Structures are given as C-alpha cells and as structure tokens.
Amino acid sequence: MSGGRASQDASPNGLHASSNGLHVSPSELRQSPDGLHASPSESHANPAALVEAGSPEQQASPGARGVSPTPQDAASTTSPRSARQGANVHAWVELLRLPALFTVPGDALAGAAAAGARPNPRTLVAIASSLCLYEAGMALNDWADRAEDAVDRPHRPLPSGRISPTAALAAAGGLTAAGLALASTAGRRPLAVAGALAATVWSYDLVLKRTPAGPVAMAAARSLDLLLGGVAANGDIRRALPSALALGTHTLAVTTVSRHETQGGSPWAPLSGLATTAALAWSITRDGTERDRRLGRDLHAGQDRHAGGARHAGGARQPGRAAATAATFVSLRGALAAVYAATAARPLFHAALNPSPQLTQRAVGGGIRAMIPLQAALAARSGAPVTALLTAALAPAARRFGRKVSMT
C-alpha cells in the first residue's frame with residue numbers, strides 16, 4: 001500500500017489521496033493542453049486522422065494480424081496496370097466479337113462433307129485460315145464504321161477510345177495476311193479461294209456495305225468460306241455448290257436484316273428472313289431421301305466387305321439395314337433442320353412484330369447462331385453424321401458466350 005501512495009503523490013499535478021480515498025480537485029482536472037483536459041479542437045479530431053494514427057495492430061495488414069485477407073482486401077491490392085490490361089483484353093474481345101467464332105469451323109466441315117471428302121489435317125488448316133479472315137473482317141468492319149458508331153453505338157471499342165483506329169486497321173491487315181499464309185500451306189487451290197474470300201471481305205467493309213450489293217457480297221463471302229473447306233480437303237468443289245448456295249442464302253437474309261439493326265426499320269426484312277428460313281429448312285428435309293438410301297447401302301456394303309461376311313447372308317440383310325440407316329439420316333437431318341429453324345425464326349418473328357433496334361439486333365444475333373445447326377444439317381444431308389454432330393456441339397458454347405459479348 002505504501003508503494004502505491006508514494007507513486008500517487010510523486011507529481012505535483014498528480015492525484016492526492018486522502019484517508020477517505022482518492023480526491024481530485026477541479027483545478028487538477030483542468031490541466032494544461034498536455035494534461036487530461038483537451039481543447040475542443042483536439043476532442044473533435046478528424047475520423048480519418050484517427051484511423052491513420054491508430055494502434056500498430058490497427059495499422060497492420062490483415063495478414064500481419066493473422067486474419068485471412070477478404071475479397072475486398074484482395075481487390076484493393078489489384079494494381080492499376082493489371083486493371084488496364086484486363087480492360088484492354090475485354091475491348092479486343094468486343095471488337096473481334098469472339099463468340100461469333102464458333103460459327104466459323106462449321107463452314108469448312110460442311111464444305112468437306114459436301115465435297116465428298118472426310119476431314120483431314122488440311123481441313124484444320126482451312127478452319128484456321130477462315131478464323132483469321134473472319135476476325136480480320138470484324139476489325140475492319142469497326143474501323144470502317146467508326147464515324148457511324150460514334151453516333152449510334154458510342155460504347156463500341158473504337159468510338160469509346162479503348163482501341164485506336166490504327167490498332168484496329170493493323171489487326172485487320174495482320175489477320176488477313178495470316179489467313180492467306182495458312183491457306184497457302186494447303187495448296188494453290190485453297191490459296192486461290194482464300195484470296196477471293198479476303199478480297200470479298202475487304203470490298204464489303206470498305207466499299208459495298210452501304211450499297212445494294214452489300215448483302216450479296218457478304219453472302220458470297222460465307223459461300224466461299226464453305227468452298228474453302230471442300231477444296232482444302234481435296235473434294236469435288238462442284239458437289240459442294242448446293243450447300244454453299246444454301247449457306248449463302250441464309251447469310252443474305254441475315255445481312256439484309258442487319259442493315260437496320262442500329263435504327264430499326266420496317267418489318268419487311270425480318271419477314272423475308274422468316275420466309276428464307278422456312279424455305280431452307282424445307283429444302284434440307286425434302287431432298288436426299290434416295291441419297292440416304294444409297295449412303296445406307298454403301299455403308300453396310302463396306303462393313304460386310306470389311307468383316308468378310310457371307311455374301312448371300314449379307315445381301316439378304318442389306319436392304320433392311322440400309323433402310324434403317326436411311327431413316328437414321330433422315331431423322332438426324334430433320335432434327336438439325338428444326339433446330340436451325342427455331343433458332344433463326346423466333347427472334348425474326350419478334351423483330352417483324354416490333355422492328356425496334358433492340359429486337360432487330362437480337363434477330364441478327366439469332367441468325368448468326370443459326371448458322372451452326374444449318375451447317376450441321378448440311379453435313380448430315382451430305383452423309384456425314386459424325387461431322388454433323390461435331391458441328392452441332394459448337395452451338396451451346398456460342399449461345400453461352402454470346403450472352404456475355406454481343407455478336408453484332
């Protein structure tokens with residue numbers, strides 16, 4: 001007890017203990033600014049300053065306090081450079097409309113099937129060349145439309161300033177050169193078709209887009225892309241012409257609708273697209289019945305020869321088996337044609353009822369996605385069910401990524 005009392009009486013300005021306990025005088029409570037009585041300005045300190053001047057534990061990082069960093073802490077540590085890089089990548093994804101890339105491989109696959117050839121390594125080269133030329137057209141399209149997009153779609157990468165026009169034009173040139181270089185590795189004929197395709201793409205974007213020949217040029221580009229797959233696979237290009245015409249007709253209808261996607265328009269373009277979709281779906285399911293029977297007979301005849309089965313027994317079973325295979329081809333082709341019609345027709349119908357810019361853009365996006373089941377149906381019509389199923393498998397990915405980045 002004596003030790004405590006001595007410490008209490010040690011300072012003149014300290015606490016004076018009496019026999020009845022501790023007694024603090026009013027004068028002692030009102031000390032100088034260095035004492036207990038702080039000035040009003042000091043008692044109302046800035047909260048931010050109090051936080052900055054907190055205890056060492058408060059100033060320590062979450063990891064130093066033994067606490068796992070929260071997502072907010074992790075987000076706050078993201079460097080400005082990383083944020084800029086992420087924004088730049090997203091801008092290029094928008095410019096190149098990457099979800100639309102899923103509609104490209106089916107051109108070469110359907111072309112190889114229509115030309116009577118099986119996909120081979122040269123088909124992969126044709127797909128890679130098509131992807132480059134397709135993306136070159138996307139970059140060139142935004143470069144050519146930068147003045148119009150500044151008014152109608154200022155959020156696009158070029159008018160918003162996220163990508164410079166020079167960079168977009170350089171990307172278009174580089175991708176075109178890459179596409180032609182890839183096609184040259186497959187031979188002279190593929191290079192010739194790829195050259196015609198590249199010339200059509202650049203002519204459309206720079207000259208023909210706003211002329212009556214614009215939709216025809218875009219249709220020609222898509223048809224050439226299908227023929228590129230047939231030529232690269234060493235197939236008969238003449239056999240691939242009907243499939244190229246069908247894909248080009250669909251592209252013509254979609255491009256005609258797209259001419260009104262920024263400002264809307266009359267319902268006639270969506271209505272003509274609906275008529276085109278119905279005609280193509282009907283033509284795919286109508287013809288080919290005899291072709292399916294012939295393919296079924298050829299398939300089972302080859303299996304019998306490979307298995308070394310008895311000629312008479314195989315011949316007796318062949319008509320029934322061929323008919324069953326033909327029915328399978330018909331069912332697959334009909335199912336794919338129905339998926340094509342449903343994918344394209346529904347947004348076109350909505351745009352015909354209300355041709356607003358928003359619904360028109362949805363109709364264009366639906367028409368682009370519908371190319372995948374159309375390509376698969378054309379491959380099935382050509383007697384390539386495996387190629388048809390592989391092509392159709394691209395549709396879910398196109399739809400999923402199309403919800404994140406617009407295809408138009």
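Below, each value reflects all heavy atoms present in this structure, side chains not excepted, and no hydrogens, waters or symmetry copies. None of these values were measured; they are calculated from a predicted model.
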**OP:** Could you go through the side chain to side chain contact (heavy atoms under 4.5 Å, CB included) check for Arg222 and Leu226 one step at a time?
**Re:** CA-CA 7 Å; Arg222 203 81 198 204; Leu226 187 145; over 6 Å; no
**OP:** Determine, step by step, whether Met218 and Thr200 satisfy the side chain to side chain contact (heavy atoms under 4.5 Å, CB included) criterion, reporting the C-alpha distance in whole Å, the side-chain angles of both residues, the deciding distance to 0.1 Å, and the verdict.
**Re:** CA-CA 8 Å; Met218 182 57 68; Thr200 304; over 6 Å; no
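When side chains are defined from C-beta on, Arg153 counts as touching Glu261, because their heavy atoms get closer than 4.5 Å. Residues Val405 and Arg97 fail the side-chain proximity criterion, which asks for heavy atoms closer than 4.5 Å. Side-chain contact check for Leu208 versus Trp202: every heavy-atom pair is 4.5 Å or farther apart. No side-chain heavy atom of Thr176 sits less than 4.5 Å from a side-chain heavy atom of Cys132. Two residues are said to be in side-chain contact when any heavy atoms from C-beta on lie closer than 4.5 Å; Leu228 and Pro190 meet this criterion. Taking 4.5 Å as the limit, some side-chain heavy atom of Arg381 sits within range of a side-chain heavy atom of Ser243.
Looking at Thr285, its side chain does come within 3.5 Å of a backbone N or O of Ala281 through a donor-acceptor pair. Side-chain atoms of Ser129 do not come within 3.5 Å of backbone N or O of Ala126 as any donor-acceptor pair. Panel note: side chain His250, backbone Ile368; no donor-acceptor pair is recorded below 3.5 Å. Listed for the Thr343 side chain is no donor-acceptor partner under 3.5 Å among the backbone atoms of Ala370. For the pair Asp145 (side chain) and Glu148 (backbone), a donor-acceptor distance under 3.5 Å is absent. The backbone N or O of Asn120 sits less than 3.5 Å from a side-chain atom of Thr123, completing a donor-acceptor pair. Between the side chain of Ser258 and the backbone N or O of Thr255 there is at least one donor-acceptor pair closer than 3.5 Å. Here the side chain of Gln375 pairs a donor or acceptor atom with the backbone of Thr103 at under 3.5 angstrom.
Interatomic distance, OH of Tyr340 versus CZ of Arg369, reported as 13.5 Å (0.5 Å rounding). With values rounded to the nearest 0.5 angstrom, Leu98 atom CG is found 10.5 Å from Met407 atom CE. Distance check, rounded to the nearest 0.5 Å: CD1 of Ile127 to CG of Leu101 gives 12.0 Å. Taking CG from Leu180 and CG from Leu133, the interatomic distance works out to 6.0 Å, rounded to the nearest 0.5 Å. The CZ atom of Arg399 lies 6.0 Å from the CZ atom of Arg403; values are rounded to the nearest 0.5 Å. The structure places CD of Gln358 at 12.0 Å from NE2 of His350, a figure rounded to the nearest 0.5 Å.
Closest heavy-atom contact between Ala186 and Val125: CB-CG1, 4.2 Å. Listed here is the closest heavy atom pair of Ala139 and Ala168: CB-O, 3.7 Å. Summarising the geometry of Thr277 relative to Ala341, their closest heavy-atom pair is CG2-CA, 3.8 Å, with the distance given to 0.1 Å. A pairwise comparison of heavy atoms in Leu227 and Ala240 identifies CD2-CB, 3.9 Å as the closest pair. Scanning both residues, Phe349 and Leu274, for their nearest heavy atoms gives CA-CD1, 3.9 Å. Closest approach of Val231 and Arg122 over heavy atoms only: O-NH2, 4.0 Å.
Remark: Arg118 CZ is loosely packed, at most 12 non-hydrogen atoms of other residues, nucleotides or ligands lying under 6.0 Å away. When the shell of 6.0 Å around CZ of Arg259 is examined, it contains more than 12 heavy atoms from other residues, nucleotides or ligands. Atom CZ of Arg146 has more than 12 neighbouring heavy atoms from other residues, nucleotides or ligands inside a 6.0 Å radius.
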With a 3.5 Å cut-off and sequence neighbours excluded, list the donor-acceptor pairs that the side chains of residues 156-167 form with protein atoms.
unit_1, atom_1, unit_2, atom_2, d
Arg156, NE, Asp142, OD2, 3.2
Arg156, NH2, Glu94, O, 3.1
Arg156, NH2, Asp142, OD2, 2.8
Ser160, OG, Arg156, O, 2.7
Ser160, OG, Pro157, O, 3.2
Ser160, OG, Arg162, NE, 3.0
Arg162, NH1, Glu94, OE2, 2.8
Arg162, NH2, Glu94, OE1, 3.3
Arg162, NH2, His155, O, 2.7
Ser164, OG, Ala167, N, 3.2

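Asp225 and Ser130 share a side-chain donor-acceptor pair at under 3.5 Å.
Only one option out of Ile372, Leu131, Leu394 pairs with Val104 in a side-chain contact (heavy atoms from CB on, under 4.5 Å); it is Leu131.
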